[in-house]
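Positions are given from 1, in the same order as the sequence printed here. Start at 1 and go down the list; that is how both ligands and their atoms are numbered. All values reported here derive from a predicted model rather than from experimental measurement.
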Amino acid sequence: MIERASADELTLAQVMLPEDANPRGNVHGGTLMKLADTAGGVCATRHSRQQVVTVVMDSMTFEEPVYVGNLVVVHAQVTWTGRSSIETEVTIEAEDVLTGEVRRVSTAYLVYVAIDEHGRPTAVRPFEVTTAEQRRRWHAAEQRRARRLGLVDSSVRA
Ligand SMILES: CC(C)(COP(=O)(O)OP(=O)(O)OC[C@H]1O[C@@H](n2cnc3c(N)ncnc32)[C@H](O)[C@@H]1OP(=O)(O)O)[C@@H](O)C(=O)NCCC(=O)NCCS
């Protein structure tokens, strides 16, 4: 069996086709959201090796347009785990494969819950923080979680 370097992150790449876009060639936000959810979901599944469902998709903003023909590269990584929930950070980039220009399109946070055969939340393997960068992401994830669960004033952004 081939061991992956890390089961806690992954990258998906897909060329945008006319069916992904409006008649002017701008890729639909929904196409990118689906790719983000796919990448985050596979990442959470690989981490936990359990079935997961999406429980939160933080508000997504699209900072740059994506066009038909662009290569969309979606990177997902686990940032935090609770008892049954897993937060992933998902970044989306668009590459013009003719010029090589790469633009950051979006960053989003998606939370998944591992479920058992009855659809009930079940415990996940804790994410092991080993680097300073992972620790920074973990603390930022804790603050997002507190906001999501209404534990702090949501008007205060971390
Ligand atoms: C996800 C689901 C199983 C959670 O069920 P639940 O009865 O709310 O379970 P719990 O209250 O025990 O919460 C489970 C975990 O989700 C977390 N959670 C629930 N709502 C949350 C929210 N709004 N923000 C962040 N975390 C949340 C809880 O904090 C808990 O995390 P922890 O175990 O790590 O502490 C249930 O809401 C569900 O089935 N939702 C539909 C999911 C779905 O169909 N998604 C789209 C298709 S995949």
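In this structure the side chain of Val78 never reaches within 4.5 angstrom of the side chain of Tyr112, judged on heavy atoms. A 4.5 Å side-chain heavy-atom check between Ile86 and Ser48 finds at least one atom pair inside the cut-off. Within the 4.5 Å cutoff, side-chain heavy atoms of Val90 are placed close to those of Leu110. Looking at heavy atoms from C-beta onward, Gln51 lies out of side-chain contact with Thr122 at the 4.5 angstrom threshold. A heavy-atom distance below 4.5 Å is not found between the side chains of His47 and Val52.
At least one protein heavy atom sits closer than 4.0 Å to atom 16 (O) of ligand 1. Counting protein heavy atoms under 4.0 angstrom from atom 40 (N) of ligand 1 gives zero. Counting protein heavy atoms under 4.0 angstrom from atom 11 (O) of ligand 1 gives zero. Distance screen at 4.0 Å: atom 2 (C) of ligand 1 has no protein heavy-atom neighbour inside the cut-off. Within the 4.0 Å cut-off (strictly below), no protein heavy atom is located near atom 47 (C) of ligand 1. For atom 22 (C) of ligand 1, a protein non-hydrogen atom is found at a distance below 4.0 Å. Inside a 4.0 Å radius of atom 34 (O) of ligand 1 there is at least one protein heavy atom. Shown here, atom 8 (O) of ligand 1 is out of close reach of the protein: none of its heavy atoms lies under 4.0 Å off.
For atom 6 (P) of ligand 1, the nearest protein heavy atom (residue, atom name, distance) is Pro121 CG, 4.4 Å. In terms of protein heavy-atom proximity, atom 37 (O) of ligand 1 is closest to Val55 CG2, 4.7 Å. What sits closest to atom 24 (N) of ligand 1 on the protein, heavy atoms only, is Val56 CG2, 3.2 Å. At the shortest separation from atom 45 (N) of ligand 1 among protein heavy atoms lies Thr54 O, 2.8 Å. Protein heavy atom nearest atom 27 (C) of ligand 1, with residue, atom name and distance: Leu149 CD2, 3.9 Å. When hydrogens are left out, the protein atom nearest atom 30 (C) of ligand 1 is Ser84 OG, 4.0 Å; that is the closest non-hydrogen contact. Considering only non-hydrogen protein atoms, atom 31 (O) of ligand 1 sits nearest to Ser85 OG, 3.2 Å.
When heavy-atom distances to ligand 1 are checked against a 4.0 Å cut-off, Arg145 comes that close only through its side chain, counted from C-beta outward. Contact annotation for Thr81 and ligand 1: no heavy atom of the residue comes within less than 4.0 Å of the ligand. Counting heavy atoms under 4.0 Å from ligand 1, residue Val53 touches it through both backbone and side chain.
Sorted by first then second residue, the side-chain hydrogen bond (donor to acceptor under 3.5 Å, both in side chains) pairs that include residues 60-69, not counting sequence neighbours, are Thr61-Glu63, Glu64-Arg103.
Considering backbone and side-chain atoms alike, Arg83 places an N or O below 3.5 Å from some N or O of ligand 1.
For Arg125 and Asp8, the salt-bridge test passes: some basic side-chain N is under 4.0 Å from an acidic carboxylate O. Arg144 has no carboxylate O lying under 4.0 Å from a charged side-chain N of Glu89, or vice versa, which leaves the two without a salt bridge.
Met57 and Leu32 fall within the same hydrophobic cluster, defined by Ile, Leu, Val, Met, Phe, Trp and Tyr side-chain heavy atoms under 4.5 Å apart, directly or through other members.
For Gly29 against Phe62, the heavy-atom pair with the smallest separation is O-CZ, 3.7 Å.
Atom OG1 of Thr88 sits about 10.5 Å away from atom NE2 of His75, to the nearest 0.5 Å.
Remark: the Trp138 side chain and the Glu142 side chain contain an N/O donor-acceptor pair separated by less than 3.5 Å.
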